[in-house]
Amino acid sequence: MNKIKQIPLFIIAAILLGVKTYIVYRFYFNLSIESIFQETILIINALAISAFILFLAVWMKPKNQKRYIKYVSLVMSLIVFANLLYYRNFTDFVTIPTLFQVNNAGDLGSSVFSLFYLTDILLFLDVILIFYFARKETFPVKLYSGLFKRKLIVVSLAALALNLTLAEIERPMLFKRGFDREYLVKNVGIFAFHAYDMVLTASTQSKRLFADGSEMSEIEKYVDKEIRSTNKVTSTDMRGIAEDKNIIYIAAESLQSFVINKELHGEEITPFLNDLVEDSYYFDNFYHQTLLGKTSDHEFILDNSLYPLPNSAVYFTHAQNEFHSLPKIIKQKGYSSYSMHANNGSFWNRNTMYESLGYDKFFDQQSYEISDEHSFGWGLEDKEFFRQSVDMMKDLEEPYYLKMISLTNHFPFEIPEKKTTIEQFDSNSTTLNQYFQTVRYFDESLEVFFDELKESGKYEDSIIIIMGDHYGISSYHNKAMAQFLGKDEITPYDEVLLERVPLLIHIPGNENNQVISQVTGQIDFKPTILNMLDIENQNDIVFGNDLFSEERKGFIAMRDGTVVGDDFIYTSEVCYERSTGDIADDSNCTDILEQAMQELQYSDEIIYGDLFRFYNFDKGEIIEEEVE
């Protein structure tokens, strides 16, 4: 015991923090550890970075050493804990741009609270012990010789070098794949990931300063060859079908396709939507393509046919960019553009971004009468949201494009018992158990909207589009999801299929309704709407195809590196046959993977460099000098 008490405090703190961090990696995050080699790397990265940071204390005077050890341990623990809370909701890790989205925090309410577990208190036990040891001087804190300090730094740097070397062996070009945050954390740890993210953020933020428009030449050539050529062959049956009609788009919060035409406890989960599928164009192989920006990412993709960013939300980081968005283009057809969402106008920075995108007016929560009777979860319940929205629609300038964003079916999917009409699912996941109840409530709300729209006399003059904006149930709940789907486990292939969200295009009076099963995604929304309005837009820079066109580029790209092709799916570095889920030779996925990565890169260049300021969309040519 006396020998143990001679160990310096900074070493005790490093060991406690390192062990705690490894425990969180291994047993709190859902990281896939497939070999002893990966396990070894995980242990090394947890201990190496903790040692390196806390060993710096030896360069300080004893009094400052204590402060440094205590508060660095606390801060590093808070970083781990913040990532854990974020991971429980999004199965992802916090990035620097995400931290600047703090004005969203005030609206999270019970969503954040539900992510806390009582046992999380134990994650701060090491911090409590370190503060206690420092106050009681249980372990020595003293001045050290220069030789000892240098040896200590060499040892800690050697540990970091070993970690990076093993990580490179396990995952070659690891830092070239910044989109794959799980692999970064698994191989170099949370703290090294955040350091890398800071460098990456600084680098991307500087790209606008150095952009001169020359980058657009290569991008335009690619779009002309791979996208415009296919968009010329659009569906003649659908061309102009929406002319002079109001287009009402409903963003169905967190709605995934796995609930459509499915039952729970012998009841249909979504009875109204199931009926509507029979009376609409229904896309049953339609994928959301969002990432960190979630609902705002989906809005960005729909309005621009560009991809979201890999480590931030465009709505926050690039709201002042020049965009050639859907609301701006349809003005040439005399269309007004509106958005309705009974939430804070600053949430996801919508007030600013909508102005950049060209919306004429945003009806946020201040436009609605919100009472306790009609509020729960994130705010105004969907039934009342749709009722009040229909009243406001009577005064909109027609024809219009209207985006309505629902709210009730939002994580953590809480709903008062008196408003439920289906029993919860029974699994180890409270999130999934409650999800079916709020999905049913949204389904009932949608029926209310259709009834109100018909009563207002606006139904026949409208085309109504309903789409799930992003997933609601993350892979963190795979065990419960496997139970619901009747599977032994959820494989990476299954996870991709769960990224499908419903898309229904309902045209009153239309008799050609059908289920369309070709692979499609949110990137295809903008070209589709323009074709339905018969707007020629051959000079546009987009990465999507008309949903109704039979000639398509053949894949849907995700920001996490997943690619869904007509015949094959690439995810988690494995190529699968799309129809069966059987593992296929990697060569089958090479072409779609390379093209998808190229598109994602081009889209990033457009956003980071604000390149549309160098492009004349009327003439379809690059502007040689930026117009101030």
Practice problem: Apply the test side chain to side chain donor-acceptor pair (under 3.5 Å) to residues E495 and T571: give CA-CA distance (whole Å), side-chain angles for both, the deciding distance (0.1 Å), then the verdict. | Solution: CA-CA 9 Å; E495 286 185 9; T571 188; over 6 Å; no
Practice problem: Please confirm whether K553 makes a cation-pi placement over F555, using NZ or CZ under 6.0 Å from the six-membered ring centre and within 45° of the ring normal. | Solution: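 Yes, a cation-pi geometry.
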Quiz item: Do E398 and N246 meet the criterion of a side-chain donor-acceptor pair at a distance under 3.5 Å?
Solution: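 Yes.
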Self-check item: Donor-acceptor pair between Y307 and Q289 side chains, under 3.5 angstrom
Solution: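 No donor-acceptor contact under 3.5 Å links the two side chains.
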Reported [atom1]-to-[atom2] distance for the pair [X] and [Y], which is rounded to 0.5 angstrom:
{"X": "R440", "Y": "N409", "atom1": "CZ", "atom2": "CG", "value": "13.0 Å"}
{"X": "F258", "Y": "Y471", "atom1": "CZ", "atom2": "OH", "value": "13.0 Å"}
{"X": "M481", "Y": "S474", "atom1": "CE", "atom2": "OG", "value": "9.0 Å"}
{"X": "D451", "Y": "Y459", "atom1": "CG", "atom2": "OH", "value": "10.5 Å"}

Can you confirm if the aromatic rings of [Y] and [X] lie within a centre distance of less than 6.0 Å?
{"X": "F347", "Y": "H341", "value": "no"}
{"X": "Y615", "Y": "F617", "value": "yes"}
{"X": "F548", "Y": "F283", "value": "yes"}

Which class fits the ring pair [X] and [Y]: parallel under 30°, tilted 30 to 60°, perpendicular over 60°?
{"X": "F323", "Y": "F300", "result": "perpendicular"}
{"X": "H288", "Y": "H470", "result": "perpendicular"}
{"X": "Y359", "Y": "Y354", "result": "tilted"}
{"X": "F363", "Y": "Y338", "result": "tilted"}
{"X": "Y441", "Y": "F376", "result": "perpendicular"}
{"X": "Y222", "Y": "F543", "result": "tilted"}
{"X": "F385", "Y": "Y368", "result": "tilted"}

Quiz item: If you look only at pairs with a residue in residues 507-538, which of them pass as a ring-ring contact (aromatic ring centres under 6.0 Å, His included), with sequence neighbours excluded?
Solution: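 Every ring-ring contact (aromatic ring centres under 6.0 Å, His included) pair that includes a residue of residues 507-538, provided the two are not neighbours, is Y249-F525.
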Got a donor-acceptor contact below 3.5 angstrom from the [X] side chain to the [Y] backbone?
{"X": "Q434", "Y": "F413", "answer": "yes"}
{"X": "N539", "Y": "D618", "answer": "yes"}
{"X": "S356", "Y": "A319", "answer": "yes"}
{"X": "S339", "Y": "F362", "answer": "no"}
{"X": "T420", "Y": "E417", "answer": "yes"}
{"X": "N349", "Y": "Y315", "answer": "yes"}
{"X": "Q518", "Y": "L547", "answer": "yes"}
{"X": "R500", "Y": "L497", "answer": "yes"}
{"X": "D524", "Y": "N545", "answer": "yes"}
{"X": "T438", "Y": "Y435", "answer": "yes"}

Quiz item: Should we say atom CD of E397 is surrounded by more than 12 heavy atoms from elsewhere, each under 6.0 Å from it?
Solution: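 No, CD of E397 has 12 or fewer neighbouring heavy atoms, counting only those of other groups under 6.0 Å.
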Exercise. Start with the C-alpha distance between S517 and D284, add both sets of side-chain angles, then the distance that settles side chain to side chain donor-acceptor pair (under 3.5 Å), and finish with yes or no.
Key: CA-CA 5 Å; S517 296; D284 64 354; 2.9 Å; yes
Report the residues that fulfil salt bridge (Lys or Arg N to Asp or Glu O under 4.0 Å) with [X], sequence neighbours left out, ordered by chain and then residue number.
{"X": "K225", "answer": "none"}
{"X": "E218", "answer": "none"}
{"X": "E220", "answer": "R228"}

What is the minimum heavy-atom distance between [X] and [Y], and which atoms define it?
{"X": "N261", "Y": "N274", "answer": "N-OD1, 2.8 Å"}
{"X": "F436", "Y": "I422", "answer": "O-CG2, 3.8 Å"}
{"X": "L273", "Y": "D443", "answer": "N-OD1, 2.8 Å"}
{"X": "R578", "Y": "G565", "answer": "CD-O, 3.0 Å"}
{"X": "K245", "Y": "I241", "answer": "CD-O, 3.9 Å"}
{"X": "L309", "Y": "L291", "answer": "O-CD2, 3.9 Å"}

Quiz item: Would you say the side chain of L530 lies within less than 4.5 Å of the side chain of I330, judging by non-hydrogen atoms?
Solution: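 The answer is yes; the side chains approach within 4.5 Å.
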Exercise. Hey, could you give me each pair passing salt bridge (Lys or Arg N to Asp or Glu O under 4.0 Å) that has a residue in residues 349-373? Not counting sequence neighbours.
Key: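 The answer is E299-R350, K331-D360.
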Practice problem: Apply side chain to side chain contact (heavy atoms under 4.5 Å, CB included) to the pair M216 and V223, showing each step before the final yes or no. | Solution: CA-CA 10 Å; M216 282 298 298; V223 170; over 6 Å; no
Quiz item: Under the side chain to side chain contact (heavy atoms under 4.5 Å, CB included) criterion, do I465 and I529 qualify, and how do the steps go?
Solution: CA-CA 10 Å; I465 303 172; I529 298 300; 3.5 Å; yes
Exercise. Show your working on side chain to side chain contact (heavy atoms under 4.5 Å, CB included) between Q598 and E226 and close with a plain yes or no.
Key: CA-CA 11 Å; Q598 185 68 81; E226 303 294 341; over 6 Å; no
Exercise. For a salt bridge (charged side-chain N to carboxylate O under 4.0 Å, His left out) with E322, tell me which candidate from R613, K328, R208 qualifies.
Key: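 Single pass found, and it is K328.
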Quiz item: If you measure from the Lys or Arg side-chain nitrogens to the Asp or Glu carboxylate oxygens, is any gap between D303 and K403 under 4.0 Å?
Solution: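 Salt bridge flag = yes for K403 with D303.
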Self-check item: Partners meeting side chain to side chain contact (heavy atoms under 4.5 Å, CB included) with Q320 (sequence neighbours left out)
Solution: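 Partners of Q320 under the side chain to side chain contact (heavy atoms under 4.5 Å, CB included) test: T352.
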Quiz item: side-chain contact (heavy atoms from CB on, under 4.5 Å) with M393: which of D395, L396, D391?
Solution: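 Single side-chain contact (heavy atoms from CB on, under 4.5 Å) partner of M393 among D395, L396, D391: L396.
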Practice problem: Walk me through it: do R559 and D604 pass the test salt bridge (charged side-chain N to carboxylate O under 4.0 Å, His left out)? | Solution: CA-CA 11 Å; R559 277 271 48 149; D604 288 349; 2.7 Å; yes
Exercise. Take T408 and E253, measure what side chain to side chain contact (heavy atoms under 4.5 Å, CB included) needs, and give me the verdict at the end.
Key: CA-CA 8 Å; T408 298; E253 173 64 43; over 6 Å; no
